[in-house]
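See structure below.
For the single chain, residues carry numbers from 1 onward in sequence order. Since this is a predicted model, take the numbers as computed values, not measurements. Only this structure's heavy atoms are used, side chains among them; waters, hydrogens and symmetry mates stay out.
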Amino acid sequence: MGLSQAILTCLIDAPHSGYDLSKVFSEYVGYFWQASQQQIYRELGKLESTGLVVSEIIPREGRLDKKIYSITEQGKQHLVEWMHKPSEPDVIREDILVKIFAGSLVPVGVLIEDVERHRRVHIDKLSTYRQIEQEQCPSLKVLIKEDKLRNLVLQAGMRYEQSWIDWCDETLELLKNLPPD
């Protein structure tokens, strides 16, 4: 997936300024797709030049004008075509795995400390996802299709975090049972 598809997806429900989109990314999409405000603005320019979004300037007295972006029919068609293509799993890029792979170069305590920190990060994210689930998804039986689909994304995030926590637990057990350096 590219940033352009993530932005177009955010514009399906409502038009947004670049600033608003960066807030949507940090509050929702950022859990599974990262982008800086600068990247979002740059991509919006590309999307507008290709006709996938249009913008409207909203004058504001005493402040900079606000530029609001909306997805076009061409943009929606682009998303539909993209959704018909098979999705490929992302390549794993995790520093912690490289460190473990080369772990014989450092005392085991260095690895243990990093894996414990990694575990805490995933526990925090899982806790956040569970809180979101409680607040937004009280019962799947009463949710509309859109909310059920978004809940599937939340469930994937929760499983991802739990998988990393499990891996950290197994790794810590093994590391703590290695002979001392």
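- Transitive grouping of hydrophobic side chains (ILVMFWY, heavy atoms separated by less than 4.5 Å) keeps Leu152 and Tyr160 in distinct clusters.
- Looking at Ser55, its side chain never comes within 3.5 Å of a backbone N or O of Tyr69 through a donor-acceptor pair.
- Annotation: Arg60, atom CZ; neighbour count of heavy atoms from other residues, nucleotides and ligands within 6.0 Å is above 12.
- At most 12 non-hydrogen atoms from other residues, nucleotides or ligands lie less than 6.0 angstrom from CG of Leu64.
- Between His16 and Leu11 the shortest heavy-atom distance is N-CD2, 3.7 Å.
- Residue Pro59 comes nearest to Asp65 through the heavy atom pair CA-OD1, 3.3 Å, listed as atom of the first residue, atom of the second, then distance.
- Residues Glu161 and Leu126 come closest through the heavy atom pair CB-CB, 3.9 Å.
- The minimum heavy-atom distance linking Cys10 with Val24 is given by the pair SG-CG1, 3.7 Å.
- Through chains of ILVMFWY side-chain contacts below 4.5 Å, Tyr19 is grouped with Tyr41.
- Without hydrogens or angle criteria, Ser17 side chain to Lys66 main chain gives no donor-acceptor distance under 3.5 Å.
- The two residues Gln39 and Ala35 have their closest heavy-atom pair at OE1-CA, 3.2 Å.
- Of the N and O atoms on the side chains of Asp166 and Gln162, at least one donor lies less than 3.5 Å from an acceptor on the other residue.
- Contact check on Glu73 versus Lys76 returns a salt bridge, with a Lys/Arg side-chain nitrogen under 4.0 Å from an Asp/Glu carboxylate oxygen.
- By the 30° and 60° cut-offs, the orientation of the rings of Trp164 relative to His122 is parallel.
- Heavy atoms only, all atoms of each residue included: Ile40 and Ser22 are closest at CD1-CA, 3.6 Å.
- Hydrophobic clustering (ILVMFWY, side-chain heavy atoms < 4.5 Å, transitive): Leu97 and Ile112 are in one cluster.
- Ion pairing between a basic and an acidic side chain is recognised when a charged N comes within 4.0 Å of a carboxylate O; Lys99 and Asp114 show such pairing.
- For the pair Arg150 and Asp13, the salt-bridge criterion is met [side-chain N within less than 4.0 Å of a carboxylate O].
- Grouping the Ile, Leu, Val, Met, Phe, Trp and Tyr side chains by contacts below 4.5 angstrom, directly or via other members, places Phe101 apart from Val115.
- Listed for the Gln5 side chain is a donor-acceptor partner under 3.5 Å among the backbone atoms of Gly2.
- Panel note: side chain Gln74, backbone Thr50; a donor-acceptor pair is recorded below 3.5 Å.
- Heavy-atom neighbours of Asp95 CG from other residues, nucleotides or ligands within 6.0 Å: at or below the threshold of 12.
- With hydrogens and angles ignored, the 3.5 Å screen pairs no side-chain donor or acceptor of Glu81 with any backbone N or O of His78.
- Of the possible polar contacts, none joining the Asn151 side chain to the Asp147 backbone as a donor-acceptor pair under 3.5 Å is found.
- Note on Leu3: it clusters hydrophobically with Leu8, by side-chain heavy-atom contacts below 4.5 Å among ILVMFWY residues.
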